[in-house]
S.K.: 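Submitted below is the structure of interest, expressed as structure tokens.
Keep in mind that the numbers below use all heavy atoms, side chains included, and drop hydrogens, waters and symmetry copies. Throughout, a chain's letter reflects where its sequence line sits, starting with A, and its residues are numbered from 1.
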Amino acid sequence: MLEGFMEALRLITSFDPYLMQIVFLSLRVSGGAILISTVLGVPLGAYLGMKPERKTRFVSKIIYTLMGLPPVVGGLIVFLILSRRGPLGVLGLLFSPAAMIIAQVFLSLPIVIGLTLLGIRSRGGDVAMAARTLGAGPLLTVWTVIKEARLSIFGAVVTGFGRVVAEVGAVMLVGGNIEGHTRVMTTAIVLETNKGNFGFAIGLGLILLTIFFVINSLLYTLQRGGEGHF
Amino acid sequence: MEGLTKRYSREVLNIKHLAFQRGNIYGIMGPSGAGKSTLLRILNLLEPPDSGVIYFDGRPLSDNGRERLIQQRRMTLVAQKPVLFQTSVFENAAFGLKARGYCKRDFRGKIELLLEQVGLRDLSRQHSATLSSGEAQRVALARAVAFEPDLLLLDEPTANLDPSNVEMIEQLILKLNRDRGITVVMVTHNIFQARRIAGQVVFLNEGRIVEMGETERVFTDPADPRTRAFVEGRMIY
Ligand SMILES: Nc1ncnc2c1ncn2[C@@H]1O[C@H](COP(=O)(O)OP(=O)(O)OP(=O)(O)O)[C@@H](O)[C@H]1O
Ligand SMILES: [Mg+2]
């Protein structure tokens, strides 16, 4: 146990190439997924959040359900779509980083949409009205609403990133955990633990924990500072 | 406006005819739920009426989005519960001018002067979330008049304010009306306030106009029994 811990610290401080490669792939995949989710999810969430609640009730329920989708199930769906016989099989994306990004978009997009929607619904209508009384056209109105909800939106993005960077099921299914190609932090932890390679697994665990500490610090600051300046 | 109606779950407005003359100050009065705020929102083109026509400058409102925005930009509404943007007082006051494409260099002095007039000069950099309610109300008014609208719609601009704030806001309204000929339509529950600044009053009850006329005449000799009850009821307290 202690031995594993020492080994982990050695790997991290020596920037072990195998370890670093995995960490960077993880960040690239989850970062790419959250980028796509943000670009698609924030405008969509803003649009839904500005519509009257009763008109979006059904869509909202679907989004909330997808927010809690177990990663393996999301991975399974993307797997079926991308597999050789699936509708997008011709693209040959399965077991590639692109497939993992698609699967993680599937998991993080509902979170970004859902949390943006909630953040905008609370104040969006009033903000839009205020902007319009002051002569804002449609574009500036939407932009103002999004800007006013920036704290919630930032929180939505950070939460979404936290979810995908930590999930194993989906990336394992559609990525295949191929060394040097689709092996990310979580799948590497599973593998190395099974091999008895605890030092390596603990090292990755520590890095993941650090990432989560940063994410939660951000969220904590956001919630505390939400009332004041930003 | 002609033959205007508005329904939510029930009919909340039914106005056969209502005209505001340029350069006057109107007080809109009536019990809670009479439809006063709804009327202002419709006048500001924030919500469409279910039927009826609104004329602005003698012409019906345009169906064309761009032209309508131009018409909408000549008026403004200060809501009953103003929503300030989460930024500085200065940026709040500058919003309307920015929306019209002016650049900061050109309006900085103008905004500062305006903030001084409403006693907010020293708060220019302060974040809106930290303002008292009286200060917030004054920011909302300053923000609305910064771009010199022709028609100013005010929804209870001085409710819940202390006398010095009331005085400051009333003075600004009167000054804008006097100097720039700005037309003001103001919802108020306060008869004394209506008498102080409104030349004309409109009484609204259950979405209908009960009485309209010169302020003094309506208060001293109301034609409608409901207005009379309202006026006399208030005078006792
Ligand atoms: N968006 C809405 N949806 C449904 N009903 C509404 C809506 N807005 C207003 N109403 C209803 O319309 C009626 C008139 O509301 P309005 O806010 O215009 O009254 P008001 O005269 O301004 O009252 P107050 O003096 O209390 O501000 C009320 O019965 C209100 O419940
Ligand atoms: Mg009202």
Side-chain angles (χ1 to χ4, degrees), chain A residues 42 45-47 49-57 115-158 218-230, chain B residues 8-9 37 40-41 43-47 65-88 91-102 125-131 136 139-149 151-155:
Chain A
V42 170
Y47 173 77
M50 283 171 74
K51 291 203 131 199
E53 195 269 332
R54 70 200 132 76
K55 280 192 191 159
T56 56
R57 205 165 283 165
L115 294 182
T116 301
L117 182 157
L118 284 177
I120 284 191
R121 174 155 299 153
S122 57
R123 228 173 137 253
D126 292 340
V127 169
M129 185 91 85
R132 290 175 63 206
T133 62
L134 299 171
L139 273 180
L140 180 60
T141 303
V142 171
W143 175 239
T144 307
V145 169
I146 290 179
K147 224 166 72 181
E148 287 290 301
R150 60 191 176 256
L151 291 175
S152 326
I153 291 173
F154 191 61
V157 171
V158 173
L218 275 174
L219 286 176
Y220 183 78
T221 320
L222 279 181
Q223 274 153 14
R224 261 198 34 221
E227 298 290 298
H229 306 244
F230 182 63
Chain B
Y8 290 121
S9 46
S37 300
L40 291 197
R41 282 198 301 275
L43 285 171
N44 197 208
L45 318 185
L46 297 169
E47 290 177 28
R66 267 222 71 75
E67 282 175 34
R68 183 174 280 238
L69 182 60
I70 291 170
Q71 287 171 320
Q72 192 174 31
R73 281 183 173 176
R74 293 180 51 200
M75 38 183 152
T76 190
L77 166 65
V78 180
Q80 198 161 357
K81 292 180 220 124
V83 174
L84 296 183
F85 303 121
Q86 288 172 19
T87 171
S88 68
E91 290 298 324
N92 266 280
F95 186 91
L97 287 163
K98 273 192 181 166
R100 286 162 180 75
Y102 293 96
R125 317 236 135 267
Q126 193 163 326
H127 193 275
S128 69
T130 59
L131 297 175
V139 172
L141 185 64
R143 175 176 81 169
V145 299
F147 47 87
E148 307 190 6
L151 172 60
L152 178 60
L153 304 162
L154 301 170
D155 201 344

S.K.: Contact part of B:Arg143 toward chain A, heavy-atom cut-off under 4.5 Å: side chain, backbone, both or neither?
M.R.: both
S.K.: With a 4.5 angstrom heavy-atom cut-off, could you sort out which part of B:Phe147 is near chain A: side chain, backbone, both or neither?
M.R.: side chain
S.K.: Determine whether A:Thr56 and A:Arg121 make a side-chain contact, defined as any pair of heavy atoms from C-beta on separated by less than 4.5 Å.
M.R.: yes
S.K.: If you define the side chain from C-beta out and look only at heavy atoms, does anything of B:Leu154 sit under 4.5 Å from B:Leu141?
M.R.: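 With C-beta onward as the side chain, the pair touches.
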S.K.: Can you tell which part of B:Leu84 gets under 4.5 Å to a heavy atom of chain A, answering side chain, backbone, both or neither?
M.R.: backbone
S.K.: Please determine whether the number of non-hydrogen atoms from other residues, nucleotides or ligands lying under 6.0 Å from atom CZ of B:Phe85 exceeds 12.
M.R.: yes
S.K.: Is the side chain of B:Arg73 donor-acceptor paired with the backbone N or O of A:Gly135 at a distance under 3.5 Å, no angle test?
M.R.: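 Flag set: sc B:Arg73 to bb A:Gly135 pair under 3.5 Å.
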S.K.: Counting only N and O atoms by type, is there a donor-acceptor contact under 3.5 Å from the side chain of A:Arg132 to the main-chain atoms of B:Asn44?
M.R.: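 Side chain of A:Arg132 to backbone of B:Asn44: no pair is present.
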S.K.: Hey, is the main chain of A:Ile153 close enough, under 3.5 Å, to the side chain of A:Thr116 for a donor-acceptor pair?
M.R.: no
S.K.: Report the option among B:Leu97, B:Val83, B:Leu69, B:Val78 that has the most heavy-atom pairs separated by less than 4.5 Å from atoms of chain A.
M.R.: B:Val83
S.K.: Side chain, backbone, both or neither: which part of B:Leu46 has a heavy atom under 4.5 Å from chain A?
M.R.: both
S.K.: Could you look at A:Ala131 and say if it's the side chain, the backbone, both or neither that has a heavy atom under 4.5 Å from chain B?
M.R.: both
S.K.: Please look at B:Leu45 and chain A and tell me whether the side chain, the backbone, both or neither of the residue comes under 4.5 angstrom of a heavy atom of that chain.
M.R.: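 Backbone only.
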